[in-house]
Number of protein chains: 2
Amino acid sequence: MDTLVQQVATRLRDEGGRMTSQRRLILQALEELGGHPTAEEIFRHVSRQSPGINLSTVYRTLNWLEENGFIAPRWFEEERRRERFEPAVQIARSHHPTPFHFRCRSCNRILEFADPRMEEIVAQFERRSGARVKDVELTLYGLCQTCAKTESLSGTSPHHEGFIR
Amino acid sequence: MDTLVQQVATRLRDEGGRMTSQRRLILQALEELGGHPTAEEIFRHVSRQSPGINLSTVYRTLNWLEENGFIAPRWFEEERRRERFEPAVQIARSHHPTPFHFRCRSCNRILEFADPRMEEIVAQFERRSGARVKDVELTLYGLCQTCAKTESLSGTSPHHEGFIR
DNA sequence: TAATTTATTGCAAAACATTTGCAATAGACA
DNA sequence: TGTCTATTGCAAATGTTTTGCAATAAATTA
């Protein structure tokens with residue numbers, strides 16, 4: 001299995017694009033960060049190694065990756081910025097193209113999961129409505145195990161190492 | 001069953017708020033427009049009757065309604081603006097607090113539906129993860145019946161009266 | 001290997017939806 | 001009818017993402 005950088009390099013070559021040092025750094029950041037980073041987080045990560053890089057370059061690269069199916073974006077609830085993640089990573093783990101998400105309202109941690117029963121729900125909707133479904137987004141919100149415990153015995157803030165972003 | 005305006009008036013009175021002419025107009029717009037209007041659409045609708053009204057008043061009212069559970073917001077895919085809808089209307093139709101959505105990628109039409117099997121999926125996720133789920137957002141994307149037909153025989157644009165916004 | 005081509009970058013400014021500070025206005029209640 | 005203060009309109013700010021443009025640097029060619 002290829003690394004993200006290699007896969008992207010191949011695709012770029014195919015369509016006359018160019019693999020630049022900035023793109024390489026952004027792709028590495030994507031792999032190193034994992035999870036669901038925002039453009040800003042990727043920018044900060046990359047800036048540590050190469051302070052000259054520009055935010056708009058990050059956005060342009062992220063958009064290109066999105067258009068080419070290497071990453072997928074998601075907006076969670078009230079958040080105004082979109083988070084990107086690698087659907088490709090998920091294909092290996094489940095048979096669903098994009099994973100379902102759970103987001104903890106307290107610590108913002110994101111859990112991914114799959115459930116084959118979703119397919120029946122979609123199939124029935126298609127039969128009844130006559131529509132053709134291409135993509136499914138399922139997001140659950142609530143409290144993760146740790147935050148649920150913490151919350152039940154004390155205040156409201158998360159006491160475990162979580163990312164509040 | 002009360003009209004939206006009446007319900008909101010009651011709640012306002014309870015907490016020392018005031019029913020203003022602007023709020024009344026926005027609530028009527030919500031009822032007249034139905035569906036999933038954006039703040040901008042509500043603003044345009046209200047402006048026709050009362051050109052003096054301000055966009056920020058619309059936003060403030062919408063936020064208050066949201067905080068008080070009279071409407072719910074949703075972001076669809078790449079859209080940067082949020083659409084608001086009345087979950088209250090849906091409670092009557094299904095036993096789920098917020099309806100599931102299907103959005104046509106061609107004409108942007110939104111279909112709402114419910115499926116009791118979702119509960120099992122959520123319950124299993126809770127059991128396996130230890131998390132406590134408070135809300136569920138399910139959105140399907142694809143082509144509605146009309147657009148699917150149109151698309152299969154000709155080009156790409158929707159030929160039925162849809163809202164492209 | 002150097003020259004050429006043009007995709008990509010950095011920068012600054014714009015776009016876009018939404019929020020906010022503040023003085024003026026107008027509901028609700030005494 | 002007067003008083004109190006929640007709500008408004010306005011203008012400016014916000015935060016995220018996009019864009020125009022001249023400069024830069026990958027990739028290709030000679």
Side-chain angles (χ1 to χ4, degrees), chain A residues 5-6 8-27 29 36-44 46-47 49-68 71-84 164-165, chain B residues 5-6 8-27 29 36-47 49-68 71-84 165:
Chain A
V5 182
Q6 292 169 316
V8 170
T10 304
R11 170 75 63 89
L12 278 167
R13 203 162 305 122
D14 288 353
E15 44 181 77
R18 294 170 187 177
M19 173 53 78
T20 64
S21 61
Q22 292 89 333
R23 284 181 174 165
R24 224 181 319 262
L25 283 167
I26 293 167
L27 291 167
H36 299 66
T38 64
E40 190 65 40
E41 288 172 330
I42 293 165
F43 173 67
R44 282 203 301 270
V46 168
S47 292
Q49 283 130 74
S50 175
I53 203 165
N54 195 277
L55 220 204
S56 60
T57 300
V58 173
Y59 273 107
R60 278 188 279 234
T61 300
L62 254 15
N63 288 346
W64 185 92
L65 291 170
E66 205 176 307
E67 284 155 23
N68 286 271
I71 56 173
R74 189 75 94 235
W75 258 281
F76 290 106
E77 225 160 16
E78 6 51 77
E79 297 280 330
R80 311 142 119 267
R81 49 196 163 185
R82 68 181 80 143
E83 306 181 9
R84 334 257 174 159
I164 307 292
R165 231 186 268 286
Chain B
V5 182
Q6 292 169 314
V8 170
T10 304
R11 169 76 62 91
L12 277 168
R13 203 162 305 120
D14 288 352
E15 44 179 77
R18 293 170 189 178
M19 174 52 79
T20 64
S21 62
Q22 292 90 332
R23 285 181 175 165
R24 225 182 317 268
L25 283 168
I26 292 167
L27 291 167
H36 298 65
T38 63
E40 189 66 39
E41 286 172 331
I42 294 165
F43 174 66
R44 284 203 300 270
H45 186 91
V46 168
S47 293
Q49 284 131 71
S50 175
I53 203 164
N54 195 277
L55 221 204
S56 59
T57 300
V58 174
Y59 274 108
R60 277 189 279 235
T61 300
L62 254 16
N63 288 346
W64 185 92
L65 290 170
E66 204 176 308
E67 284 155 22
N68 286 271
I71 56 172
R74 190 75 93 233
W75 260 279
F76 290 106
E77 224 159 19
E78 7 48 78
E79 297 281 329
R80 317 220 296 176
R81 49 198 164 186
R82 65 182 82 145
E83 304 182 9
R84 333 257 174 157
R165 233 187 267 284

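Note that these values count all heavy atoms, side chains included, but never hydrogens, waters or copies made by symmetry. Residue numbers start from 1 in every chain, and the chains themselves are labelled A, B, ... in the order their sequence lines are given, proteins ahead of strands.
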Between [X] ([atom1]) and [N] ([atom2]), how many Å, whole number?
| X | N | atom1 | atom2 | value |
| --- | --- | --- | --- | --- |
| A:Trp64 | C:dT8 | CH2 | P | 9 Å |
| B:Asn54 | D:dT8 | CG | P | 10 Å |
| A:Trp75 | C:dA17 | CH2 | P | 12 Å |
| B:Arg24 | D:dT7 | CZ | P | 13 Å |
| B:Ile42 | C:dT18 | CD1 | C1' | 14 Å |
| A:Leu12 | C:dT8 | CG | P | 7 Å |
| B:Leu65 | D:dT7 | CG | C1' | 14 Å |
| B:Phe43 | D:dT8 | CZ | P | 14 Å |

Discussion item. By the 4.0 Å heavy-atom rule, please label B:Arg23 as base, sugar-phosphate, or nothing.
Written reply: sugar-phosphate
Response to the item:
Result for 5'-nearest mapping on DNA chain C, choosing between B:Ala39 and B:Met19, is B:Ala39
Fill in: No-H, no-angle donor-acceptor pair, B:Arg13 side chain to C:dG27 base, under 3.5 Å
no
Worksheet item: If you take atom types as modelled and just measure distance, does the side chain of A:Arg18 reach the base of C:dT6 with a donor-acceptor pair under 3.5 Å?
Response: yes
With a cut-off of less than 4.0 Å, is there a side-chain N or O of [X] near OP1 or OP2 of [N]?
| X | N | value |
| --- | --- | --- |
| A:Asn63 | D:dT17 | no |
| B:Thr20 | C:dG27 | no |
| B:Tyr59 | C:dT18 | yes |

Fill in: First of A:Gln22 and B:Val58 reached from the 5' end of DNA chain D, by closest nucleotide
B:Val58
Practice prompt. Tell me which nucleotide among D:dG9, C:dT19, D:dC21 gets nearest to the side chain of A:Arg60.
Written response: D:dC21
